Amino acid sequence: MFGHDYPFYIAIGVALLVKLITSRVHSLWQAAASVASGLFAAVFFTDMVLHIGGLSPAEYKIPVAALLALTGEGLVKWVLGAADNPEKTLFGFLKAWRSK
């Protein structure tokens with residue numbers, strides 16, 4: 001399914017389950033949105049992260065997918081916030097870069 005094997009999806013499922021258990025989700029819709037965004041990030045961005053990072057898919061595909069499943073909601077919120085106010089995001093990057 002989508003070019004991935006079953007251990008890939010098992011790792012994503014376990015990561016999402018851990019995320020739901022440890023989060024302070026207040027409604028069914030928030031839980032569904034969290035799971036959907038984590039699943040989306042893990043399924044569609046794992047190969048890209050592996051390629052950009054120069055990581056071996058045989059060794060790092062499952063851990064990267066689990067990490068993206070855990071952080072997917074935060075990434076989606078950040079991207080939507082950046083799209084809503086790109087100037088603030090750009091100035092934030094410049095401020096962080098100059099402080100180094």
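Since this is a predicted model, take the numbers as computed values, not measurements.
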Residues 80-88, side-chain donor-acceptor partners within the protein, below 3.5 Å, at least two apart:
from: Asn85; atom 1: OD1; to: Lys88; atom 2: N; distance (Å): 3.4

| request: To the nearest 0.5 angstrom, please state how far the CG atom of Leu68 sits from the CG atom of Leu75. | output: 7.0 Å

| task | Quick one: which residue pairs count as a salt bridge (Lys or Arg N to Asp or Glu O under 4.0 Å) with a foot in residues 29-39, not counting sequence neighbours? | result | none

| field | Leu55 CG to Lys61 NZ distance, which is reported to the nearest 0.5 Å | value | 13.0 Å

| Does Val35 belong to the same Ile/Leu/Val/Met/Phe/Trp/Tyr cluster as Leu28, with side-chain heavy atoms less than 4.5 Å apart forming each link? | no

| Same apolar cluster (I L V M F W Y, side chains within < 4.5 Å links), Tyr6/Val14 | no

| Heavy atoms, side chains only, cut-off 4.5 Å: are Val43 and Tyr9 in contact? | yes

| query | Sub-3.5 Å donor-acceptor pair from the side chain of Ser37 to the main-chain atoms of Ser34, do we have one? | reply | yes

| request: Could you tell me the separation between the CG atom of Leu16 and the CD1 atom of Ile21, rounded to the nearest 0.5 Å? | output: 11.0 Å

| field | Atom pair CD (Glu59) and CG (Leu50), whose distance is rounded to the nearest 0.5 Å | value | 11.0 Å

| query | Looking only at heavy atoms, which two atoms of Ala15 and Ala69 are closest? And how far apart? | reply | CB-CB, 4.0 Å

| remark: Output for pair (Arg98 CZ, Phe91 CZ), nearest 0.5 Å, gives 9.5 Å

| message | Between Tyr60 and Val49, is there a side-chain heavy-atom distance shorter than 4.5 Å? | response | no

| message | For residues Leu20 and Ile12: do they belong to one hydrophobic cluster (side chain heavy atoms under 4.5 Å, members Ile, Leu, Val, Met, Phe, Trp, Tyr)? | response | yes

| message | Is there a continuous path of hydrophobic side-chain contacts, each under 4.5 Å between heavy atoms, that joins Phe40 to Phe8? | response | yes

| query | Under a single-linkage definition using a 4.5 Å side-chain heavy-atom cutoff for Ile, Leu, Val, Met, Phe, Trp and Tyr, are Leu39 and Ile10 assigned to the same hydrophobic cluster? | reply | no

| query | Do you know the tightest heavy-atom contact between Ala65 and Ala42? | reply | O-CB, 3.4 Å

| field | Residue list, side-chain hydrogen bond (donor to acceptor under 3.5 Å, both in side chains) with Thr71, at least two apart or on another chain | value | none

| message | Nearest 0.5 Å, please: how far is OG1 in Thr89 from CG in Leu94? | response | 11.0 Å

